[in-house]
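Everything numeric here is computed off the predicted structure, so don't read it as measured data.
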Amino acid sequence: AVEFNSPMTETEHEIWLLDQRMNETGVYIDQQFVTNGKKYAEDEANKIIDEMKVITGLANPNSQKQMLGWLKGRKYPYDSIDTEHVEEALKLSLPPDAIKILQLKQKLGGSAYKKLASIQDRVGLDGRLRDQFVFSKAHTGRWAGRGVQLQNLFKPDKAAAKRTAEFVTAIKAGSFHPDTISTMTVVASVIRASFAAAPGNKLVVGDLAQIESRVLAALAGCQTMLDSYAAGNDLYKEFMSWLLKKLVTEIDSDERAKGKVVILGSGFGMGVDKFIEYAATFGITLTQEDAEQAIYGFRDKYPEIPALWYDLNNAVMNAVRFHNCVYVRGLIVDGRDERVLKIKLPSERYLHYFHARIVSEPPPWGGKCRDTVTYTAFDAKGTMDKRLYGGLLVENVVQSIARDILAAGMINADAAGANVIATIHDEIVCEVPIDSTFTLDVLLKCMTTVPEWAKNMQLILAAEGYTNAYYKK
């Protein structure tokens, strides 16, 4: 960083020190819950596998290769037996034994409960799980998980989530009995309860609300979005109300869910085909017509967002072409060093794009060749050339600013006397004594105080959270 004239700022160094303390402190583990939950899940898994052996005659029904071969012989049309393909296959007219196996596979679930074994393998003698977070692992500066991977926990089943307290109590007491929700689903859905407050303490957890779309609105100067957030309105419902020409009060939960996907997916220049795939990850199936209506509706209602894509794309193109600095939307795009393109964020932290250069190539959607900026990206597999474009640039910048706001909240919470033990996505998890004056209101204020470097951004922040004996969704 020093070589490229973008050394770590004092604030960033303070955040790194907090990260070190967070990793050294670790998260307390409710080992009774983990032990019991693991036993319940493994007992159920063994029953399901035994039944699958009887039906299929396979030596190892857990083998993807063996199971896929068996299913293929019964008209199974896909080359994968992941969750999405199994769901689709159950809608088809397959032989009864194939249907039964697919149902059992659903009941067996994925490997979510296996995290319990991972926790047991890594927990310290004092009952705490340490070194689970990697500082600035993502290109945007966000934290990443390692070990147990707290950043990648199972999304709870809706029915199970409503009964979290009941199930957690029963599992911990060893009195859980299967009912209408499968054991595997229950254990996976409440696995977050493994991460708890040590005896005499409590967890105070805050979550930045819709942080990326709030940063996007501020960066783009999108007054319609900003007004909605300032009024405390539900932006997802507002958009669907506008799109479907219905009253906000008439928007149901399914329509709101679509609105959320549109707001989250359309802000970074996503095309129709990619948007359909993106919506599917949320369990929402869209037709080509639905996707086009949503994508182009978003751009019509919030024209400042596409304008932001074009401004950043042009700034980067000019900085790389002429090896100069371009000031745009409160950012500094610095192309003076041919080795690395830098974008200076409002927090004075930098984004880096190595070996950025202009190439002429056709766009992904086809057509004549045009100039575009390409850079060399690095990952665990090595290097690869990636195209830089307006939507991606906005996504990187927005996620980076959102990370800096989260980090500022962590510093504020630490200064207010909290013991910050984890950050998971947009959450800050603190552990404090039960009688501590550090309350949820204090944490939420720490998280929604606009940093000094962002005072001119029109940011409207909000956060929500809870106080509890254990971590939950």
Report yes or no: do [X] and [Y] form a side-chain donor-acceptor pair below 3.5 Å?
{"X": "N396", "Y": "Y353", "value": "yes"}
{"X": "D290", "Y": "T287", "value": "yes"}
{"X": "E431", "Y": "N201", "value": "yes"}

Subject >> Non-neighbouring partners of T224 that pass side-chain hydrogen bond (donor to acceptor under 3.5 Å, both in side chains), sequence neighbours left out >> reply: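 None.
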Subject >> Criterion salt bridge (charged side-chain N to carboxylate O under 4.0 Å, His left out) on E277 and K274, from CA distance to verdict >> reply: CA-CA 5 Å; E277 294 176 9; K274 190 173 180 180; over 6 Å; no
With a 4.5 Å limit on heavy-atom distance, are the side chains of [X] and [Y] in contact?
{"X": "V204", "Y": "V432", "answer": "yes"}
{"X": "S213", "Y": "Y229", "answer": "yes"}
{"X": "M67", "Y": "M52", "answer": "yes"}
{"X": "R163", "Y": "V186", "answer": "no"}

Pairs where [range] contributes a residue and the test salt bridge (charged side-chain N to carboxylate O under 4.0 Å, His left out) is met, not counting sequence neighbours:
{"range": "residues 73-83", "answer": "K72-D79, R74-D97"}
{"range": "residues 207-235", "answer": "D234-R256"}
{"range": "residues 398-409", "answer": "E12-R403, R349-D404"}

Counting distance only, does the side-chain N/O of [X] pair as donor-acceptor with the main-chain N or O of [Y] below 3.5 Å?
{"X": "D414", "Y": "N419", "result": "no"}
{"X": "T35", "Y": "Q32", "result": "no"}
{"X": "S266", "Y": "V262", "result": "yes"}
{"X": "H139", "Y": "S400", "result": "no"}
{"X": "N36", "Y": "I171", "result": "yes"}
{"X": "R128", "Y": "T25", "result": "yes"}
{"X": "D179", "Y": "I181", "result": "yes"}

What are the two closest heavy atoms between [X] and [Y], and how far apart are they?
{"X": "L459", "Y": "A454", "result": "CD1-CB, 3.7 Å"}
{"X": "V168", "Y": "A193", "result": "CG2-CB, 3.7 Å"}
{"X": "P178", "Y": "T183", "result": "CG-OG1, 3.4 Å"}
{"X": "A377", "Y": "K386", "result": "CB-CD, 3.5 Å"}
{"X": "V34", "Y": "L116", "result": "CG1-O, 3.6 Å"}
{"X": "I305", "Y": "A220", "result": "CD1-CB, 3.7 Å"}

Subject >> Check ion pair E255-K237 (N to O, under 4.0 angstrom) >> reply: no
Original post:
Do K445 and D441 meet the salt-bridge criterion of a basic N to acidic O distance under 4.0 Å?
Top reply: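 Looking at D441 and K445, the cut-off is not met.
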**OP:** Hey, could you give me each pair passing ring-ring contact (aromatic ring centres under 6.0 Å, His included) that has a residue in residues 238-265? Not counting sequence neighbours.
**Re:**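 Sorted pair list: F239-W242.
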Original post:
What pairs of residues pass the ring-ring contact (aromatic ring centres under 6.0 Å, His included) test when at least one of them lies in residues 29-72, not counting sequence neighbours?
Top reply: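 Those involving residues 29-72 are Y40-F176.
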**OP:** Go through the structure and list residues passing salt bridge (charged side-chain N to carboxylate O under 4.0 Å, His left out) with E42, not counting sequence neighbours.
**Re:** K38
Subject >> Partners passing salt bridge (charged side-chain N to carboxylate O under 4.0 Å, His left out) against K162 (at least two apart in sequence or in another chain) >> reply: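 Residues passing salt bridge (charged side-chain N to carboxylate O under 4.0 Å, His left out) with K162: none at all.
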**OP:** Mind jotting down which residue pairs meet the side chain to side chain donor-acceptor pair (under 3.5 Å) criterion with at least one end in residues 57-69? Sequence neighbours excluded, please.
**Re:** none
Subject >> Residue pairs involving residues 461-473 (criterion side chain to side chain donor-acceptor pair (under 3.5 Å); sequence neighbours excluded) >> reply: E427-Y471
Between side-chain atoms of residues 144-155 and protein atoms elsewhere (two or more places apart, or another chain), which donor-acceptor pairs fall under 3.5 Å?
unit_1 : atom_1 : unit_2 : atom_2 : d
R146   : NE     : D131   : O      : 2.9
R146   : NH2    : F133   : O      : 3.4
Q149   : NE2    : G145   : O      : 3.1
Q151   : OE1    : H425   : N      : 3.0
Q151   : NE2    : T423   : O      : 3.1

Original post:
Above 12 or not: heavy atoms from other molecules or residues under 6.0 Å from CD of E289?
Top reply: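 No, CD of E289 has 12 or fewer neighbouring heavy atoms, counting only those of other groups under 6.0 Å.
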Subject >> Exceeds 12 heavy-atom contacts within 6.0 angstrom, atom NZ of K258 >> reply: no
Original post:
Among all residues two or more places apart in sequence or in another chain, which pass the ring-ring contact (aromatic ring centres under 6.0 Å, His included) test with Y76?
Top reply: Y78
